[in-house]
Amino acid sequence: MSMMTEPAVSPSTQGWFQRTEAWMDSKGKGAWIAAMVLGFIFFWPVGLALLAYMIWSKRMFSKSCRRSAAWPRHGMRAMTPTGNSAFDSYKADTLARLEQEQHDFEAFLERLREAKDKSEFDQFMDERSRANRETDGETDGDSKA
């Protein structure tokens with residue numbers, strides 16, 4: 001039983017379409033999308049043909065779906081114990097310290113917001129009372145004259 005593999009195609013024997021496709025693949029999905037948009041701008045049938053080709057060859061959906069599914073698993077792996085009790089203890093202490101620092105910082109920000117709100121309210125009340133005194137002084141002066 002012999003197994004035959006296809007010989008590697010050198011760039012010189014590839015056609016212009018295959019070379020272009022390989023170049024676009026090396027640049028990534030953004031290059032395909034840019035080519036499609038430019039195709040629509042300059043000559044809409046070219047853009048439509050590129051869109052159809054991207055959907056037909058599954059270039060639109062090839063890597064992004066697989067990559068996005070890996071993120072949640074990667075994030076959950078950080079919470080699993082490693083088996084090294086010293087490291088797990090250090091990690092738990094560090095996470096607890098960071099959570100406490102986050103809580104303290106959020107409390108500090110809340111105090112800052114409250115102080116800012118109070119100073120703005122006090123300024124508003126001062127301006128309002130000053131405006132009331134000025135209008136009362138004008139009406140008193142008008143009634144005496």
Side-chain angles (χ1 to χ4, degrees), residues 5-6 8-145:
T5 59
E6 293 182 27
V9 179
S10 67
S12 62
T13 60
Q14 288 180 340
W16 68 270
F17 182 77
Q18 291 165 333
R19 284 194 311 265
T20 304
E21 183 181 22
W23 182 80
M24 295 281 279
D25 283 341
S26 72
K27 299 299 179 195
K29 192 185 294 187
W32 282 100
I33 293 172
M36 180 189 62
V37 168
L38 289 173
F40 274 115
I41 290 172
F42 291 112
F43 189 60
W44 69 267
V46 172
L48 191 60
L50 277 171
L51 176 63
Y53 180 73
M54 288 170 60
I55 292 172
W56 173 76
S57 66
K58 296 188 174 45
R59 278 180 169 67
M60 285 281 274
F61 313 107
S62 61
K63 295 178 184 173
S64 63
C65 295
R66 277 185 269 141
R67 223 180 311 148
S68 65
W71 279 107
R73 287 185 304 226
H74 178 69
M76 294 304 289
R77 207 176 83 202
M79 301 306 291
T80 60
T82 62
N84 184 333
S85 60
F87 177 74
D88 289 341
S89 173
Y90 167 76
K91 183 171 71 169
D93 292 343
T94 303
L95 288 174
R97 180 180 55 82
L98 288 173
E99 287 175 358
Q100 182 61 39
E101 285 180 9
Q102 180 181 5
H103 174 72
D104 294 345
F105 183 67
E106 288 172 352
F108 170 74
L109 288 178
E110 184 62 31
R111 286 193 311 271
L112 280 179
R113 286 186 200 108
E114 288 173 1
K116 181 181 175 195
D117 289 348
K118 182 174 179 357
S119 69
E120 288 174 349
F121 179 73
D122 289 344
Q123 181 182 1
F124 168 76
M125 292 303 287
D126 289 342
E127 289 173 1
R128 183 174 167 215
S129 65
R130 188 177 320 116
N132 283 342
R133 276 183 276 151
E134 289 174 1
T135 56
D136 287 344
E138 289 176 7
T139 56
D140 290 342
D142 292 341
S143 62
K144 290 180 183 177

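All values below were derived from every heavy atom in this structure, side-chain atoms included, with hydrogens, water molecules and symmetry-related copies excluded.
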So, using side chain to side chain contact (heavy atoms under 4.5 Å, CB included) as the criterion, who are the partners of [X] when residues are at least two apart?
{"X": "F105", "result": "F108, L109"}
{"X": "Q123", "result": "E127"}
{"X": "E99", "result": "none"}

Nearest 0.5 Å, please: how far is CD1 in I41 from CE in M36?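 Going from CE on M36 over to CD1 on I41, the span is 10.5 Å.
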
Could you measure the distance from the CD atom of E134 to the CG atom of N132? Nearest 0.5 Å is fine.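 CG of N132 is found 9.5 Å from CD of E134.
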
Give me each pair satisfying salt bridge (Lys or Arg N to Asp or Glu O under 4.0 Å) with a member in residues 100-112, each pair once, sequence neighbours excluded.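 Residue pairs with at least one partner in residues 100-112: R97-E101, E110-R113.
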
Which residue pairs pass the salt bridge (Lys or Arg N to Asp or Glu O under 4.0 Å) test with at least one member in residues 83-95, sequence neighbours excluded?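 For residues 83-95, and leaving out neighbouring residues, there are no salt bridge (Lys or Arg N to Asp or Glu O under 4.0 Å) pairs at all.
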
Sub-4.5 Å side-chain heavy-atom contact between D117 and E120: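 Side chain of D117 against side chain of E120, heavy atoms only: contact under 4.5 Å found.
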
With sequence neighbours left out, what residues match N84 under side-chain hydrogen bond (donor to acceptor under 3.5 Å, both in side chains)?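 So N84 forms no side-chain hydrogen bond (donor to acceptor under 3.5 Å, both in side chains) with any residue.
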
Quick one: list whatever passes side-chain hydrogen bond (donor to acceptor under 3.5 Å, both in side chains) with K116, sequence neighbours left out.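 K116 satisfies side-chain hydrogen bond (donor to acceptor under 3.5 Å, both in side chains) with no other residue.
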
Determine yes or no for a side-chain-to-main-chain donor-acceptor pair under 3.5 angstrom, with T94 supplying the side chain and Y90 the backbone.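 Such a contact is found between T94 side chain and Y90 backbone.
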
